[in-house]
Amino acid sequence: MSTSAAAAASSTTSLSATRRSSLSPASRVPATLRRSLPSRLVSSSRSPVVQPVHATASPGGAGGTAAKKKLLIFDAEEYLAESLAKYTARLSGEAVAERGAFTVALSGGSLIKALRKLAEAPYLEAVEWSKWHVFWVDERVVPKDHADSNYKLAMDGLLSKVLIPASQIYAINDALSAEGAANEYETCLKQLVKDGVIAISEVTGFPKLDLMLLGMGPDGHVASLFPGHPIVNENKKWVSYIKDSPKPPPERITFTFPLVNSSAHIALVVTGAGKAGAVHKAFSDKQSSSDLLPVEMVSQQEGVLTWFTDKPAVSMLSSI
Ligand SMILES: O=C1O[C@H](COP(=O)(O)O)[C@@H](O)[C@H](O)[C@H]1O
């Protein structure tokens with residue numbers, strides 16, 4: 001990260017800390033949510049810039065690991081986008097300072113629009129784009145210029161507007177079958193581990209990307225890991241494939257849960273009333289391991305899982 005971006009990141013941290021100590025947590029959490037959220041989730045910090053309604057942090061994620069979960073709820077999508085850009089820029093700066101590279105995996109769908117502010121001031125100038133290595137959490141097996149391509153979506157919405165070397169943008173090989181593309185993508189990741197670009201998690205032995213940016217479908221799917229599909233239980237491969245996606249197009253490749261959950265940081269970006277049911281289930285205390293939605297299986301081994309949501313997406317939490 002450039003000096004100015006590093007300075008911005010550090011001043012944000014101290015400003016947040018100042019603000020945290022001067023506001024009572026209870027005053028920052030709407031009464032309806034205070035009643036409804038599990039008490040283990042209710043503590044609070046508020047960004048001084050983006051006006052989340054409240055934020056929570058708690059030990060204990062899905063699956064009973066020691067993962068920490070943080071829920072940010074924004075009054076408007078605009079604030080969410082601003083906060084997501086700031087969060088991503090901060091993590092980029094930290095990774096570049098530490099390892100000289102930032103490894104980030106993008107989803108498709110609504111996430112890309114939520115990342116748009118990264119291509120605007122101050123992030124456009126401050127982020128060290130030349131150090132970015134960009135991957136896809138999942139990709140549809142279609143040509144790169146197809147309307148369904150997650151690569152095309154990200155290129156049009158973000159990557160064409162920032163200066164990342166083309167050799168550091170890792171698209172799938174769209175000339176191969178789903179199986180072939182998944183295998184080749186895993187081989188590519190293995191080479192980058194050998195080259196020292198991607199770290200390996202000491203906890204899981206899987207690659208540890210700096211940031212996994214996830215969306216979630218209304219059915220609770222993340223990446224191309226759909227409810228009830230056997231691929232959600234894959235525990236050896238880093239990248240797998242499906243040919244029967246319930247959401248078109250049917251053929252996709254996807255990171256597996258061990259890879260997703262080994263990341264240093266995970267952001268789950270979930271907006272809109274259509275996703276309220278899955279959000280409600282994900283934050284319910286009544287989780288049973290037999291019927292977990294894929295989103296409930298996002299449980300990183302280290303670090304913090306941060307949910308970026310809006311009010312419609314959390315509208316059912318009051319019924320917990
Ligand atoms: O098919 C997909 O859907 C999910 C969710 O998309 P959204 O538009 O509802 O946010 C997305 O995260 C995934 O990458 C994509 O392939």
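One-based numbering, in listed order, for ligands and for the atoms of each. All residue numbers in this chain count up from 1 along the given sequence.
Contact detail for Ala105 and Leu209: the closest heavy-atom pair is CB-CD2, 3.8 Å.
Sorted by first and then second residue, the salt bridge (charged side-chain N to carboxylate O under 4.0 Å, His left out) pairs with a member in residues 190-207 read Glu186-Lys190; sequence neighbours excluded. Sorted by first and then second residue, the salt bridge (charged side-chain N to carboxylate O under 4.0 Å, His left out) pairs with a member in residues 241-270 read Asp138-Arg252; sequence neighbours excluded. Screening residues 93-132 for ring pair (Phe, Tyr, Trp, His ring centres under 6.0 Å) gives Phe102-Trp132, Trp129-Trp132 as the qualifying pairs, with residues at least two apart or on separate chains.
Ring centroids of Tyr151 and Trp136 are separated by less than 6.0 Å, placing the two rings close together. Aromatic ring centres of Tyr87 and Phe308: separated by under 6.0 Å.
Residues of the protein with a heavy atom under 4.0 Å from ligand 1 are Ser107, Gly108, Gly109, Ser110, Asp138, Arg140, Asn150, Gly215, Met216, Gly217, His221, Ala223, Lys247, Arg252, Lys275, listed by chain and number.
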